[in-house]
Amino acid sequence: MTLHPYRTHTCGELRLPHAGSTVRLSGWVHRKRDHGGVLFIDLRDNDGITQVVITPDRAIHDAASDLHVETVVCFTGQVVPRTPDTVNPKLSTGAVEVVAETMQVLGSADILPFPVADDTQVSETIRLTYRFLDLRRQRLHANIILRSRVIASIRRRMMEMGFHEFQTPILTSSSPEGARDYLVPSRLYPGKFYALPQAPQQFKQLLMVAGFDRYFQIAPCFRDEDSRADRSPGEFYQLDLEMSFVEQEDVFRVVEVLFAGLFPEFSDWSVTPPPFPRIPYADAMRRYGSDKPDLRFGLEIVDVTGVFRDAEFIAFRRVVDAGGIVRLIPVPDVAGRPRSFFDSLEAFVKELGGQGLAYLVFTDSGVKGPIARALGADTLARLSDAVPPQPGAGWFFVADEEPVARTILGRLRLHLADLLDLRTPNAYRFCWIVDFPMYEFDDEQQRIVFSHNPFSMPQGGLEALTTQSPLDILAYQYDIVCNGVELSSGAIRNHRPDIMYRAFEIAGYSNEEVDQKFGGMIRAFRYGAPPHGGIAPGIDRIVMLLANEENLREVIAFPMNQNAQDLLMGAPSPVTEEQLRALHIQLRQPNS
RNA sequence: GGGGCCGUAGUUCAAUUUGGUUAGAGCACCGCCCUGUCACGGCGGAAGUUGCGGGUUCGAGUCCCGUCGGCCCCGCCA
């Protein structure tokens with residue numbers, strides 16, 4: 001009988017019924033237990049671990065006892081049942097073992113920079129430098145397999161809903177607005193550059209104009225922006241989708257069907273049942289101090305500006321008179337906390353640029369806190385009408401200009417949830433944030449800019465653009481948020497050239513500039529464009545949520561580090577003078 | 001561009017608070033012992049420019065200054 005040269009079975013496959021058969025297994029030496037006589041090797045491949053036994057009477061015994069862990073080796077031998085007292089219930093193959101007769105080293109391993117079999121912490125620099133070893137480790141290996149299965153499920157679900165998958169160019173043109181582009185110099189056209197797409201935005205809209213109706217793509221996106229734990233530098237993947245003849249609610253329904261199916265497929269956590277809550281942007285900012293609220297806990301922010309408009313409490317009244325706001329977060333069960341708890345919260349607020357943190361606590365012996373006396377009974381009574389005080393609760397006040405105050409309150413709300421451990425465990429809480437403003441005022445440039453996507457349809461259409469104050473105009477622009485993570489932005493698009501010119505004009509673009517920058521798309525809209533809209537949930541973030549990881553790099557096979565370097569491949573790297581010459585590029589080193 | 005935290009053996013950490021003998025320990029590595037382990041066990045060994053440079057001091061891993069690197073955050077992310 002001739003066996004396959006490398007394996008007849010995988011290392012996760014053998015069970016009791018295989019006993020008696022001769023098998024060949026290949027894999028990595030996961031662990032080695034050398035008893036001087038009998039030698040045990042845990043052999044690991046992608047599918048599992050099988051215990052290989054080498055008895056001292058075998059010729060291979062000495063060579064086997066010298067094997068380094070992580071050496072790739074092939075064993076041939078007989079499957080035997082383990083005696084009842086040596087069965088290992090922790091292994092799927094633990095009822096049997098393979099008694100090795102022959103052994104062949106397929107790939108020897110040097111001494112490891114870090115252990116593969118243990119899940120001990122290792123510095124990320126070393127993990128990234130030896131990413132191929134890191135990917136062998138159980139946790140990362142499982143995450144990457146999960147990612148593969150999630151993407152396969154997404155593809156299947158999208159197809160079932162009538163979507164088709166498309167590819168769009170990677171070498172395209174730079175566009176204004178948005179993040180910094182990655183540029184690729186052109187050899188044929190000196191001084192000109194391609195740009196890597198920040199998203200296939202215009203292409204997917206063109207596909208709608210081309211009549212394809214329902215588009216999706218697992219699309220690579222490239223943005224030259226600084227990283228965060230939940231934002232990979234350089235490149236990331238989106239489930240990019242676009243639909244024709246739809247309203248906002250049609251897009252929501254598709255995404256809700258997708259996520260309500262996808263998340264339970266890969267997790268036993270509870271998932272918000274569709275329809276997901278719709279929260280207007282203005283409400284989200286007021287109630288949660290954020291456009292990506294974490295709904296796994298309460299602590300909703302309450303506006304009490306009106307109470308202080310004519311109150312005696314001068315500290316807050318002065319803020320209100322100056323056009324500012326006063327809001328509070330009611331927090332249950334903090335009255336008994338030590339002074340240091342409140343001091344640390346105040347320090348937290350000041351770090352964020354706040355003036356300070358006023359607070360009240362409701363104890364058995366009455367209302368206490370630094371402002372309790374100064375506030376006055378009348379003001380307290382009016383506050384209690386707005387927020388019924390709970391025994392043991394604390395109220396934390398922030399009074400400031402609105403943009404400052406709401407940011408601080410939002411961060412404070414998250415911080416309190418961390419400190420008090422308030423998040424509902426094992427839950428995915430989805431919501432839609434809707435009615436984003438079309439424009440906002442940019443303090444730095446002192447002009448009106450698009451607040452999100454310049455291709456969004458303004459609510460009210462052309463009439464809104466011509467009659468309303470730009471900062472009051474809302475857009476058919478939405479985000480989907482899960483557990484405080486922004487999964488995606490989307491919009492019903494502006495498919496009408498006349499509205500498009502006007503929308504860009506408000507943001508300071510002449511018709512000529514629009515023709516120049518978005519000529520292809522404007523031209524397309526002149527030849528029969530269907531109403532359309534879409535969204536683009538981040539694949540990496542979806543997998544991060546499903547893998548319950550805090551960092552995006554744990555769900556990406558070959559991520560760059562925080563400074564956008566690939567430590568394994570050594571990117572970015574210098575190029576030769578010949579390459580530069582061919583691209584008509586002369587380097588201009590930064591001044592030191 | 002700015003802020004916070006962290007750099008000690010291949011690796012994970014200790015010694016830094018209060019400067020003071022020869023910088024310790026687990027895992028990995030090397031040698032010896034061990035025939036039923038599954039995180040095998042036992043004995044021994046090797047392994048360090050304390051990121052780098054400068055300063056203070058009789059004396060610096062420890063204090064000061066600078067610099068490099070990493071992670072997290074702010075800015076930025078239509």
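Residue numbering restarts at 1 for every chain, and letters A, B, ... go by the order of the sequence lines. Being a predicted model, the structure only gives us computed values, none of them experimental.
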Salt bridge (Lys or Arg N to Asp or Glu O under 4.0 Å) assessment of A/Arg33 paired with A/Asp42: CA-CA 8 Å; A/Arg33 290 175 296 280; A/Asp42 290 341; 2.9 Å; yes
Touch class at under 4.0 angstrom, heavy-atom based, for A/Gln198 against every strand present: nothing
Interatomic spacing from CZ in A/Arg413 to CZ in A/Arg406 - rounded to 0.5 Å: 15.0 Å
First of A/Leu128 and A/Arg231 reached from the 5' end of RNA chain B, by closest nucleotide: A/Leu128
Phosphate OP1/OP2 of B/G70: any A/Gln565 side-chain N/O under 4.0 Å: yes
Nucleic acid contacts of residues 483-513 of chain A, taken as heavy-atom distances under 4.0 Å to RNA chain B: none
Touch class at under 4.0 angstrom, heavy-atom based, for A/Ala117 against every strand present: nothing
A/Asp119 vs A/Arg139, salt bridge (Lys or Arg N to Asp or Glu O under 4.0 Å): CA-CA, chis, key distance, verdict: CA-CA 8 Å; A/Asp119 58 357; A/Arg139 171 172 140 187; over 6 Å; no
Whether A/Glu549 side chain and A/Glu554 backbone form a donor-acceptor pair below 3.5 Å: no
Residues A/Arg44, A/Glu70: salt bridge by 4.0 Å N-O rule: yes
Phosphate contact (B/G69 OP1 or OP2) by A/Asn563 side-chain N/O below 4.0 Å: no
Residue whose closest nucleotide on RNA chain B lies nearer the 5' end, A/Phe450 versus A/Met560: A/Met560
Inter- and intrachain pairs under side-chain hydrogen bond (donor to acceptor under 3.5 Å, both in side chains), touching residues 513-525 of chain A, at least two apart: A/Tyr501-A/Asp515, A/Ser510-A/Glu513
Distance flag, aromatic centroids of A/Phe504 and A/Phe518, threshold under 6.0 Å: yes
Atom P, compared across B/C43 and B/A28: separation rounded to whole Å: 15 Å
Dot-bracket encoding per residue of RNA chain B, Watson-Crick/G-U cut-off under 3.5 Å, | denoting interstrand: (((((((..((((......[...)))).(((((.......))))).....(((((..]....))))))))))))....
Under 4.0 angstrom between A/Arg553 side-chain N/O and B/C72 OP1 or OP2: yes
Near-ring test A/Tyr215/A/Phe166, centroid separation under 6.0 angstrom: yes
Reported CZ-to-CZ distance for the pair A/Phe455 and A/Arg493, which is rounded to 0.5 angstrom: 9.5 Å
A/Tyr288: side-chain hydrogen bond (donor to acceptor under 3.5 Å, both in side chains) partners, not counting sequence neighbours: A/Glu300
Whole-angstrom distance between B/G4 and B/U67, as gauged at atom P: 14 Å
Side-chain N or O of A/Arg228 closer than 4.0 Å to phosphate OP1/OP2 of B/C74: yes
B/S/- contact track for nucleotides 31-38 of chain B, protein heavy atom under 4.0 Å: ---BBBBB
Below 4.0 Å: OP1/OP2 of B/C71 and any side-chain N or O of A/Asn551: no
Quick one: which protein N/O atoms are closer than 3.5 Å to N/O atoms of nucleotides 5-15 of chain B? Pair and distance per line, please.
| unit_1 | atom_1 | unit_2 | atom_2 | d |
| --- | --- | --- | --- | --- |
| B/G10 | O2' | A/Pro113 | O | 3.4 |
| B/U11 | O4' | A/Pro113 | O | 3.3 |
| B/U12 | OP1 | A/Ser123 | N | 2.8 |

